[in-house]
Asks: 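Encoded as structure tokens, here's the structure I'll be asking about.
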Amino acid sequence: MNSPSSTVPSGGGHPDGNDARALATEDEDVSAIIERELKKVKIKLIAGVQAVSVEQTPEGLMACRLSNGQDIRAEKILVSIGRTLNTDGLRLEDAGLTTGKRGEIPVNDRMETGVPGIYAIGDVTGTLMLAHVASHQGLVAAENALGGDARMDYASVPAGSSRDRRSAAWAFGSIRHGRRGCR
Ligand SMILES: Cc1cc2nc3c(=O)[nH]c(=O)nc-3n(C[C@H](O)[C@H](O)[C@H](O)COP(=O)(O)OP(=O)(O)OC[C@H]3O[C@@H](n4cnc5c(N)ncnc54)[C@H](O)[C@@H]3O)c2cc1C
């Protein structure tokens with residue numbers, strides 16, 4: 001397999017520029033480390049912009065136009081622009097359920113939907129899209145379905161990302177709701 005001589009990875013942060021940094025969904029300290037490591041291996045990070053078009057040049061390169069007007073050329077483009085919810089077609093309305101703006105099924109901290117007796121867990125709830133969050137939500141839902149009173153608490157959710165070295169962060173709710181002084 002031949003490695004491309006140049007690659008533009010597209011995606012990895014918030015394109016609207018509100019949180020323009022590497023791995024914008026990770027803790028800020030982790031972002032800072034990743035940015036520093038990228039710089040060391042001469043990978044240029046362009047944050048806070050969107051890729052608006054891609055064209056092949058006569059020389060066979062890929063030309064990526066950014067929302068700031070900049071053009072970047074590379075042999076390959078790697079698109080990693082995230083995930084969206086896919087609840088269309090589930091006929092949730094037949095069960096009396098309504099979805100939120102992103103297609104998510106709104107739930108409370110007991111994983112109850114707006115319809116008594118129907119619980120939702122996992123990515124479809126539009127909370128933190130992580131496997132261990134989904135399983136814990138399942139435990140909470142099951143306990144409540146059996147008459148218990150379990151609640152989800154997102155204040156301390158571990159999240160990891162891997163490069164050639166590993167970085168991990170405990171997201172003490174700081175990412176989305178401002179730092180609370182936990183380190
Ligand atoms: C590329 C990638 C990498 C990831 N890496 C990590 C990671 O490193 N760590 C981490 O914690 N999380 C990771 N995640 C996220 C993690 O996979 C999800 O958060 C987790 O799988 C959510 O579980 P879930 O049960 O909500 O959904 P899923 O695991 O997606 O399960 C939903 C199931 O429902 C089925 N289904 C869909 N529609 C219907 C239907 N109409 N009828 C019946 N069945 C249906 C699907 O086939 C699927 O089996 C990653 C996700 C992706 C895409």
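What's counted below: heavy atoms across the whole structure, side chains too, no hydrogens, waters or symmetry copies. This one's a predicted model, so the numbers in the text were calculated from it and none came from an experiment. Counting starts at 1 for both ligands and their atoms, following the listed order.
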Asks: I want to confirm something. Looking only at heavy atoms, which of Ala131, Ala120, Ser135, Gly138 is nearest to atom 16 (C) of ligand 1?
Replies: Ala131

Asks: Does Arg83, backbone or side chain, put an N or O under 3.5 Å from an N or O of ligand 1?
Replies: no

Asks: Pick one of side chain, backbone, both or neither for how Ala134 approaches ligand 1, counting any non-hydrogen atom pair under 4.0 Å.
Replies: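 Side chain only.
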
Asks: Quick one: does Gln137's side chain get under 4.5 Å of Thr127's, heavy atoms only?
Replies: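 When only atoms from C-beta onward are counted, Thr127 and Gln137 do touch, with a gap below 4.5 Å.
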
Asks: Heavy-atom contacts with Gly122 under 4.0 Å: which atoms of ligand 1 show up? List them by number with element.
Replies: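 Numbered from 1, ligand 1 contributes 26 (O).
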
Asks: Distance under 4.0 Å to a non-hydrogen atom of Leu90: what atoms of ligand 1 satisfy this?
Replies: 41 (N)

Asks: Could you please spell out the steps behind the salt bridge (charged side-chain N to carboxylate O under 4.0 Å, His left out) verdict for Arg65 and Glu55?
Replies: CA-CA 8 Å; Arg65 166 68 51 94; Glu55 280 173 17; over 6 Å; no

Asks: Do the side chains of Asp149 and Arg151 get close enough for a salt bridge, i.e. N-O under 4.0 angstrom?
Replies: yes

Asks: Spell out, as yes or no, whether a donor-acceptor pair under 3.5 Å connects the side chain of Arg102 to the backbone of Gly126.
Replies: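 Judged by distance alone, yes, a pair lies under 3.5 Å.
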
Asks: Taking only heavy atoms of His132, which atoms of ligand 1 are found under 4.0 Å from at least one of them?
Replies: 11 (O)

Asks: Does any N or O in the side chain of Glu75 come within less than 3.5 Å of the main-chain N or O of Ser5, such that one atom is a donor and the other an acceptor?
Replies: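 A pair under 3.5 Å: yes.
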
